[in-house]
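Take a look at the structure set out below.
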Number of protein chains: 2
Amino acid sequence: MSEPIPLDLARLRRSCVECSLHALCMPAGVDAQDLAHLERVVPRRRPLARGDVLFRTGDPLGAVYVASEGSFKTVAVTPAGEEHVLGFHLPGELFGLDAVGSGQHRCEAVALSDARVCELPFNQLAQVAAQVPSLQRQLLRIMGQSADLDHDHVDVLARRQASERIALFLHGLGERLRRIGRPADDFQLPMSRDEIARYLGLVLETVSRGFSRLHEDGVIEVRGRRVRILDARALQAAASGCEGDDLPPQRRRSPG
Amino acid sequence: MSEPIPLDLARLRRSCVECSLHALCMPAGVDAQDLAHLERVVPRRRPLARGDVLFRTGDPLGAVYVASEGSFKTVAVTPAGEEHVLGFHLPGELFGLDAVGSGQHRCEAVALSDARVCELPFNQLAQVAAQVPSLQRQLLRIMGQSADLDHDHVDVLARRQASERIALFLHGLGERLRRIGRPADDFQLPMSRDEIARYLGLVLETVSRGFSRLHEDGVIEVRGRRVRILDARALQAAASGCEGDDLPPQRRRSPG
DNA sequence: CGTCGACTTGACTAAAATCAAACCCGGTGG
DNA sequence: CCACCGGGTTTGATTTTAGTCAAGTCGACG
């Protein structure tokens, strides 16, 4: 910050340890020495305005991203011109790995609000990972976790009842919010009804009706994008397709 | 090649080069020396009968798999007891990476027919990849390609018209068959209508009707599991939702 | 205070699920 | 050789569900 040292620890702290990706990388045991290597990745921070496009379909694989503030969506446009939302990316969640397979992005990433994003050049990341075993393990794990999110999406989309998809979406979003240290049962949706619909393979009216129904049933409270989960158990029941039943046959712990 | 070397190239040839995974690994330039390293992974071959389970939900990450003969499906059971098919895996296609993120499998893999499968211990694979840069690149790429298949699945499931999902499924299957060196327009489905339905988020009757409709329209020929694609262009049109239109409005390059 | 965009709600239509019955085909055994 | 199964598949009739079209309502913002 003051001395002309090209890469110092202070800068590293700012660039990685403080970053929300930190929570993703560190737990599995990356030590200080490894961090010194990681620094070579020199992530860059960028501010974006709502609606700004971070990368476009067809862009060559350049970097992967983590928002430190704000959320993103990734969307793909079908040949017929319909827009599918492939994912929502909350602060601290990695995205952009979709280009690793083919070398170019399969979708475009758009800021859902004003945002600040951390950009990690993928090639450097891979190069460093090749030299530091613990980082390689982490990189593989992170790619796997990213695939897990896609599987979750498939799980939602394969439900045939719109109400299940909607309930599952809300539940899943809550879980992810919890994971990044935010209240899981009281939050502001970063996306519109239309975007939720395009994520769930529905039309926006159906999503709206689904929300209203959950509201009527006392499961959630909704006003615009403000959502409060009143009865998490009932929400899970709705997600499992047990509409009328209050008690899904699924029991977790001791009945206490 | 003639000496009693415990791990010789001849064996390697049998275990990898001849393997259908070979097509996946080699093109990007893994040279002979790298192959010598790869050999340390010592894949094991296993014969399975139709219906046999290769791994189950919750099993710890042990290996990834490639069928040399026969096909597999991966399925997940929802809390409500419904079975979702997450993927079909043709000979030569890698599967089992779903455990990389969490350390345990999220689904179970079942043989759709009598099969022979090649088992690659993942940890050894990662370890070898860490030592051979070109293999590390390949491993990352393969994981990325595996994620691409999930994206394709999402693309299909997000379609709201059953006819689109079905047409897209057939088209995609054809493409994958072509990739493994089989005719893309005349094949035997390795899975039942019910399994297709559970992959597409539909019921089996809807899939059956979809096939019949494509047959009536002269797009395909179906008899049981035997499928012949008569009009690939019309199939793609159907996949894009242009039911009646013969020419999808999809134009790529200069309008000529 | 008015306007615009996002959201909700309602009435109607189209599509897929459900329920139920046949059908086809490969295999078995008489 | 043919009758008879039985699973997987097709097809039909009906019900349920989500999509479509069209008003409204809400709320933020100028």
Side-chain angles (χ1 to χ4, degrees), chain A residues 50-51 73 78 80 82-85 110 112-114 156-170 188-217 220-227 238 241 243-244, chain B residues 50-51 73 78 80 82-85 110 112-114 156-170 188-217 220-227 238 241 243-244:
Chain A
R50 173 193 164 93
K73 66 172 176 181
T78 69
E82 280 222 15
E83 207 173 278
H84 288 178
V85 173
V110 182
L112 292 172
S113 57
D114 293 351
V156 175
L157 284 171
R159 307 294 174 109
R160 289 196 313 279
Q161 303 290 324
S163 54
E164 286 185 44
R165 295 191 207 176
I166 292 163
L168 208 49
F169 170 75
L170 284 175
Q188 189 92 13
L189 294 171
M191 72 297 278
S192 70
R193 298 288 188 272
D194 190 46
E195 286 162 335
I196 297 172
R198 290 175 193 282
Y199 178 78
L200 296 179
L202 302 169
V203 294
L204 79 171
E205 293 97 327
T206 305
V207 173
S208 180
R209 280 186 241 269
F211 279 19
S212 298
R213 183 73 208 283
L214 288 169
H215 194 166
E216 285 169 30
D217 294 353
I220 63 173
E221 205 171 276
V222 217
R223 266 179 76 80
R225 297 193 176 185
R226 181 112 222 134
V227 172
E243 278 279 18
Chain B
R50 172 192 163 93
K73 66 173 177 180
T78 68
E82 280 222 17
E83 208 173 275
H84 288 176
V85 174
V110 183
L112 292 172
S113 57
D114 293 352
V156 175
L157 285 170
R159 306 293 174 112
R160 289 196 313 278
Q161 301 291 324
S163 54
E164 286 185 43
R165 296 191 207 175
I166 293 163
L168 208 49
F169 169 75
L170 284 175
Q188 191 92 11
L189 294 172
M191 72 296 278
S192 70
R193 297 288 188 271
D194 191 45
E195 286 162 333
I196 296 172
R198 291 175 192 282
Y199 178 77
L200 296 179
L202 302 169
V203 294
L204 80 171
E205 293 97 327
T206 305
V207 172
S208 180
R209 280 185 240 270
F211 279 19
S212 298
R213 182 73 207 284
L214 288 170
H215 195 165
E216 285 170 30
D217 294 353
I220 63 173
E221 207 171 275
V222 215
R223 265 181 77 80
R225 297 194 176 184
R226 181 112 222 132
V227 172
E243 278 279 17

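By convention in this document, chain letters (A, B, ...) are assigned in the order of the sequence lines, proteins followed by strands, and residues within each chain are numbered from 1.
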Separation of D:dG19 P from A:R198 CZ (nearest whole Å): 12 Å
For B:R160 and D:dT20, is the shortest distance between a side-chain N/O and OP1 or OP2 below 4.0 Å? yes
Integer-rounded Å distance: D:dT20 P and B:Q161 CD: 7 Å
Just call it for B:S212: base, sugar-phosphate, or nothing, with non-hydrogen atoms closer than 4.0 Å on any strand. sugar-phosphate
Rounded distance in Å - CD1 (B:I166) to C1' (C:dA17): 13 Å
Separation of C:dA16 P from B:R165 CZ (nearest whole Å): 8 Å
Got a sec, which residues hit side chain to side chain contact (heavy atoms under 4.5 Å, CB included) with B:R209, two or more places apart in sequence or on another chain? B:E205
Checking all strands, does A:L202 fall into the base, sugar-phosphate, or nothing category for heavy-atom contacts under 4.0 angstrom? sugar-phosphate
Test item: A:R193 side-chain N/O and A:G224 main-chain N/O as donor-acceptor pair under 3.5 Å: yes
From CZ of B:R225 across to C1' of D:dT10 the rounded distance in Å is 15 Å
Flag side-chain contact, heavy atom, 4.5 Å: A:S192 against A:R225: yes
Can you tell me how far apart OH (A:Y199) and CE (A:M191) are? Round to the nearest 0.5 Å. 8.5 Å
What I'd like to find out is whether the side chain of B:Q188 reaches to under 4.5 Å of the side chain of B:R226, using heavy atoms alone. yes
Once you round it to whole Å, what is the distance between P of C:dC7 and CD of A:E221? 18 Å
Categorize A:S192 for me: base, sugar-phosphate, or nothing, with a 4.0 angstrom heavy-atom threshold over every strand shown. sugar-phosphate
Taken to the nearest whole Å, CZ/A:R50 to C1'/D:dC29 is 14 Å
What nitrogen or oxygen pairs link the protein and nucleotides 21-23 of chain D at under 3.5 Å?
unit_1 : atom_1 : unit_2 : atom_2 : d
D:dC21 : N4     : A:E205 : OE2    : 3.2

When rounded to whole Å, the CD1 to P distance for the pair B:I196 and D:dG8 reads 13 Å
Got a second to check how far A:S212's OG is from A:I166's CD1, nearest 0.5 Å? 9.5 Å
Backbone N or O of B:E164 within a donor-acceptor pair of the B:R159 side chain at under 3.5 Å? no
For A:T206 and D:dA18, is the shortest distance between a side-chain N/O and OP1 or OP2 below 4.0 Å? no
